[in-house]
Visitor: 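Below is a structure I'd like to ask you about.
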Amino acid sequence: MTVDVLSEVAAGTGDLSVWPASTARLPHGGLAVGGVSLAEVAQRFDTPVYVLDEGEVRGRCRTYRDAFPDAEVLYAAKAFLSRAMARWVREEGLGLDVCSAGELELAVTSGFPPERIVLHGNAKSPRDISAALRLGVGRIVIDSSSEIARIAAAVGPEGRQRVLVRVVPGVAAGGHEKVRTGTEGQKFGLSAADGSAQEAVARILAQPRLELAGLHCHIGSQITTVDAYLVALGRMVELMAAVHEVHGAVLPELDLGGGHGIAYRPGEPALDLTALARELRTALADRCAAVGLPLPRLTVEPGRAIAGPAGVALYRVLAVKRSGGKLFVAVDGGMSDNPRPALYGVRYAPRLVGRASTAGCRTATVVGRHCEAGDVLAVDAELPGDVHPGDLLAVPVAGAYQLSMASGYNMVGRPPVVAVHEGAARVLVRRETLDDFRSRDIGG
Ligand SMILES: Cc1ncc(COP(=O)(O)O)c(C=O)c1O
């Protein structure tokens with residue numbers, strides 16, 4: 001074994017299974033993603049910086065298209081959106097799920113066909129609704145009964161908008177309590193159990209300016225087994241059958257949302273997409289046949305499973321210290337670019353890049369630079385014991401719900417996003433600067 005590989009084994013970082021498929025080892029502890037050395041990216045664009053592997057994003061879109069050839073696949077833009085991301089997803093034949101006028105305008109003004117876009121949101125603002133109608137989104141997902149009249153009124157006498165109803169199917173699934181959205185007693189959707197969903201369906205069917213295209217549910221996020229989806233599917237088909245029985249309406253679409261789980265650290269489970277697609281297809285055919293309904297067109301809305309594994313966050317170590325028997329490694333980013341550990345207790349596997357080390361591995365807590373004790377990026381990170389200021393740390397699986405949830409905390413500024421592909425690196429989103437903060441602060 002070479003010194004590099006020995007030090008990786010010692011530090012427990014030799015496993016690249018959660019990294020983008022293009023990841024390659026370079027001499028002296030280096031790593032390349034998309035054919036570009038991560039150390040060079042850090043040198044050229046400064047840190048913290050987010051690296052997005054275009055090939056990995058495109059490859060993941062294709063995996064979905066292949067697994068779900070008869071379904072509509074919408075990329076959930078909330079995971080991460082930029083103009084380039086919208087273009088890659090469009091070119092790979094996916095649609096888009098957006099949940100604000102902002103996401104919608106960015107997508108449409110960068111050439112995304114509006115008819116392939118679905119607008120979500122538990123509290124749509126007048127601006128969200130008017131942007132959706134002005135730009136001509138394919139469908140709007142109704143999330144509360146008060147939206148029905150609001151959207152119908154905004155459509156105007158000449159128009160007709162396709163809508164779905166977001167249903168609470170009463171299914172608990174997902175990697176954390178805060179991302180379980182299929183149960184009663186949380187803010188999304190209309191309950192099938194208490195009749196709110198059925199009532200909304202009746203009101204929409206009575207609205208000439210709205211066309212009920214189907215039902216939607218999103219049961220949660222970071223789900224790693226198929227079972228919960230099958231339970232949700234069964235309940236949704238039951239509801240479609242009830243709609244048919246009561247109103248005589250055959251709904252042509254069934255959207256089962258996203259939530260497909262991925263591994264953040266080596267050895268963690270991920271949802272098997274091929275199994276999901278196969279089992280959903282079979283269950284849908286069986287259930288529909290059992291209740292005498294024609295097959296609706298299935299839609300899925302993955303976000304994390306497309307963007308997450310394509311991203312790598314790079315940080316420079318600023319300080320190393322021991323306290324209370326723990327080794328703290330502090331880096332130049334933190335909860336302002338990645339709030340997920342603080343929000344959901346998510347765990348990552350950072351590794352040292354750009355330097356070979358023969359030191360034995362230590363368990364370290366990688367913390368951010370913010371004024372918050374909860375600003376922890378990774379607990380129990382296995383790093384070489386000689387980790388020191390100036391070192392570069394890379395955090396894989398950083399492409400989803402990090403920058404899209406980033407904040408201006410401590411005016412540190414949000415990091416840039418650099419796309420890597422076939423040996424070339426280019427900035428997609430520039431770094432947020434002090435001038436950006438200053439220019440918004442117009443009070444004097
Ligand atoms: C309605 C809806 N669809 C899709 C998604 C995407 O979920 P994930 O990124 O876990 O696939 C979300 C996430 O919150 C959502 O709310």
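All ligand and atom numbering here is 1-based and tracks the order in the structure. As a basis for the values below, the full set of heavy atoms in this structure was taken, side chains included, without hydrogen atoms, waters or symmetry mates.
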Visitor: Any idea how Tyr229 and His260 line up, ring-wise: parallel (<30°), tilted (30 to 60°), or perpendicular (>60°)?
Guide: perpendicular

Visitor: Of Leu403, Val429, Leu428, Val420, which meets side-chain contact (heavy atoms from CB on, under 4.5 Å) against Leu52?
Guide: Leu428

Visitor: In order of chain and number, which residues sit within 4.0 Å of ligand 1 by heavy atom?
Guide: Ala76, Lys78, Asp97, His120, Arg166, His216, His218, Ser221, Gly258, Gly259, His260, Glu301, Pro302, Gly303, Arg304, Tyr401

Visitor: Using modelled atom types and a 3.5 Å cut-off, is there a donor and acceptor pairing between side-chain atoms of Gln222 and backbone atoms of Ile262?
Guide: yes

Visitor: What verdict does the side-chain hydrogen bond (donor to acceptor under 3.5 Å, both in side chains) test give for Tyr409 and Asp375, after you've listed the backbone C-alpha separation in whole Å, the side-chain angles of each residue and the deciding distance to 0.1 Å?
Guide: CA-CA 11 Å; Tyr409 188 36; Asp375 178 25; over 6 Å; no

Visitor: State whether Tyr64 and Arg60 meet the cation-pi test: NZ (Lys) or CZ (Arg) under 6.0 Å from the six-membered ring centroid, and within 45° of the perpendicular axis.
Guide: no

Visitor: Is the number of heavy atoms from other residues, nucleotides or ligands under 6.0 Å of Arg90 CZ greater than 12?
Guide: yes

